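For reference, the structure discussed in these notes is given below.
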Amino acid sequence: MNYLLYLDPGLGMMIAQAAIAAIAGFVLFYKKVITTVKAWIGLKKQQKDSSFDSNYEQDSESK
Amino acid sequence: MLRHPSSYRDPSGFVYREKGAFYRQINPVYFEEYHTAKNAGIYQKLFDKKWLIPHKEISVDEEKIIILPEQLDFISYPYEWSFSQYKHAAQLTLRIQIFLLENNFSLKDASAFNIAFHKGKAVFIDTLSIEQYKENAPWRALKQFNEHFFGPLLLAQKYGGQYLKTLQHSINGMALSEVKRQLPFTSRFHPTIYSHIHLLSKSDTKESSEKTESKEARLSKSSQIKMLLALEQHINTMTSKENTEWSSYYDQINYQEESFQAKKKLVKEWCAAIEARKIIDLGGNDGTFAKELLDQADQIMVSDIDQPAIDQCYLNQLKSKENKLLPIVCDLMQPSPAIGFHHKERDSFTSRVIDFQADVTMALALIHHITLTGNVPFEMSAAYFAKLTPYLIIEFPDREDSWVKFILDSKRDARHLFDDYTISAFAKAYQKKFKLLKSEKIEGTERTLFLFERYEG
């Protein structure tokens with residue numbers, strides 16, 4: 001399957017992904033806790049108009 | 001049939017042009033991947049989300065499969081995107097990868113050149129980048145993603161829009177060690193930035209000294225999705241200081257509302273008179289004038305040197321649900337060159353504009369910048385505009401205009417070098433390349449609007 005590996009990712013970086021994923025797991029957990037706490041004390045985060053999702057949502061509505 | 005010179009990296013297939021249309025040939029080596037993705041409904045699901053450029057299968061035989069993708073009107077490159085465009089392109093890449101993982105597929109590369117702006121939105125154009133996911137395999141395109149997207153975005157956020165042009169001089173993205181060097185020391189304490197930039201740049205250098213070939217990297221799918229989600233969430237919150245502080249140019253203009261309306265009316269009338277459907281607005285700022293022409297045109301390219309203005313143009317269009325504007329960041333004094341191997345991978349801005357085959361170029365409130373700030377003689381700017389489109393609508397602010405006065409005053413001792421900056425010298429020089437169709441002074445201003453038609457041949 002070597003022909004598919006036209007992009008050399010570097011093995012070191014592949015191994016590092018396990019560490020990155022572990023950190024990401026922590027970040028996501030931390031953010032979830034913060035959001036829950038904020039929601040609990042009545043602070044709600046508002047989605048901005050220019051967010052990525054709103055761009056594509058508009059489309060599905062108009063479809 | 002000629003392979004497009006940018007389409008040589010991936011052996012799965014290539015793009016070629018025939019009778020003006022772009023097709024994609026799929027080689028036998030990718031047949032299995034293509035059929036698996038197709039049968040799993042991956043392409044269709046991505047079309048429905050409007051994340052992938054739709055394609056039709058044209059022919060299938062043992063040697064090749066030919067698909068015809070929906071044609072792009074104009075391709076802009078990452079170094080011509082504004083901050084929000086760049087950010088959305090990055091988010092789209094990550095969203096697609098997360099979606100693919102959930103469906104047991106994966107992206108084999110994450111080049112920023114795989115994204116184009118079509119009908120106002122970012123869309124993924126490299127159909128053959130999709131492959132089957134291998135159990136517990138890490139994402140091999142992560143480093144490329146960070147070099148193409150995350151690195152330049154972080155630096156643009158910190159230091160300004162010039163870093164969005166990174167891929168113009170580093171076509172394979174910015175080395176993470178270089179990104180790391182330019183980020184402040186405190187960036188190490190940010191978990192997402194630390195892991196994607198600092199940690200990955202280390203793994204890069206370590207690898208060259210150590211042979212780690214015997215090891216096999218493993219990462220569970222759910223961990224990979226978490227990693228990408230955290231990265232996507234970080235990018236989602238990124239903002240550019242220069243963009244949020246950008247105050248509207250039209251609050252600072254030097255003429256009255258009536259004159260502004262008069263200018264709009266003239267431009268609309270003239271565009272209608274020459275039946276312009278495709279329009280190029282050079283120095284178009286945030287698209288204020290282009291927007292006036294939306295109901296009478298099919299497509300309007302808005303280019304400007306000012307990244308925050310183009311960003312505003314892009315965001316306004318997203319909000320208004322319009323899709324006719326093509327916002328592009330471009331400095332006319334140094335438009336994007338042709339880059340890559342043999343100068344043929346990515347075309348220059350000018351040759352793409354010529355291929356776009358627009359009807360008219362608008363150069364409103366631009367000539368004084370080119371002539372006085374850029375020192376470009378009238379003959380040279382006329383020759384450039386004449387290359388682009390058959391018609392030209394150009395605004396000439398005379399020496400009494402406050403902007404022109406300001407620029408001339410700033411020339412101090414060299415002021416006399418610009419004594420030729422007069423309306424008669426301008427008209428004379430431009431009439432060597434163009435036939436003058438109309439000219440009209442905009443009431444209440446020191447500005448005159450000209451409509452020219454170029455001499456053919």
Side-chain angles (χ1 to χ4, degrees), chain A, chain B residues 9-12 29-30 33 48-51 84 87-88 91-92 95 108-109 111 120-122 131 137-144 191-192 194-196 199-200 202-207 210 212-213 215-220 223-224 226-234 236 315 318-319 321:
Chain A
M1 294 290 270
N2 266 343
Y3 55 82
L4 282 176
L5 287 167
Y6 72 97
L7 178 75
D8 174 26
L11 190 62
M13 118 53 206
M14 301 281 270
I15 292 167
Q17 279 191 36
I20 299 175
I23 297 173
F26 167 76
V27 169
L28 289 177
F29 175 74
Y30 170 79
K31 279 196 174 155
K32 201 168 180 187
V33 169
I34 294 289
T35 325
T36 317
V37 171
K38 274 189 176 169
W40 198 49
I41 58 172
L43 287 169
K44 211 177 168 188
K45 211 176 165 188
Q46 284 195 335
Q47 184 83 296
K48 277 194 290 180
D49 286 352
S50 56
S51 80
F52 177 85
D53 287 305
S54 61
N55 308 342
Y56 296 88
E57 272 164 19
Q58 287 169 357
D59 262 30
S60 43
E61 279 165 23
S62 60
K63 231 170 66 173
Chain B
R9 286 185 168 82
D10 184 355
S12 309
V29 73
Y30 188 75
E33 296 284 359
D48 294 343
K49 284 175 175 285
K50 309 233 163 162
W51 286 358
S84 301
K87 181 174 135 174
H88 289 162
Q91 287 181 275
L92 178 65
R95 290 294 184 93
K108 62 183 170 192
D109 63 352
S111 163
K121 285 188 262 296
E131 64 177 6
W139 190 28
R140 105 164 90 92
L142 180 69
K143 190 168 141 243
Q144 190 186 28
T192 307
Y194 175 78
S195 54
H196 284 275
L199 195 64
L200 276 192
K202 263 183 217 164
S203 78
D204 212 22
T205 44
K206 208 196 273 173
E207 194 189 24
E210 273 177 44
T212 46
E213 278 166 26
K215 287 188 203 166
E216 200 192 332
R218 288 171 72 85
L219 180 69
S220 74
S223 300
Q224 188 184 145
K226 268 186 204 161
M227 171 183 83
L228 299 174
L229 269 179
L231 182 57
E232 202 266 336
Q233 283 181 10
H234 180 90
N236 190 37
L315 294 174
L318 285 178
K319 267 180 227 161
K321 301 182 190 182

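On a predicted model such as this, the values are computed, not experimentally measured, just so you know. Note: hydrogens, waters and symmetry copies are ignored here, and every other heavy atom, side chains too, is used. Quick note on labels: first sequence line is chain A, next is B, and so on, each numbered from 1.
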Residues B:D109, B:R9: salt bridge by 4.0 Å N-O rule: no
Check ion pair B:E33-B:K108 (N to O, under 4.0 angstrom): no
For B:S84, side chain to side chain donor-acceptor pair (under 3.5 Å) partners two or more places apart: B:D311
Report which part of [X] has an atom under 4.5 Å of a heavy atom belonging to chain A: side chain, backbone, both, or neither.
| X | answer |
| --- | --- |
| B:R218 | backbone |
| B:A137 | neither |
| B:L231 | neither |

Could you check which of [options] has the highest count of heavy-atom pairs closer than 4.5 Å to chain A?
| options | result |
| --- | --- |
| B:S195, B:P191, B:S223, B:P138 | B:P138 |
| B:L315, B:L142, B:L228 | B:L142 |
| B:Q233, B:H234, B:Q224 | B:Q233 |

Ring geometry between A:F52 and A:Y56 (parallel below 30°, tilted from 30 to 60°, perpendicular above 60°): tilted
When the side chains of residues 11-24 of chain A are checked against the rest of the protein, which donor-acceptor pairs come out under 3.5 Å, sequence neighbours left out?
unit_1, atom_1, unit_2, atom_2, d
A:Q17, OE1, B:W139, N, 2.9
A:Q17, NE2, B:W139, O, 2.5

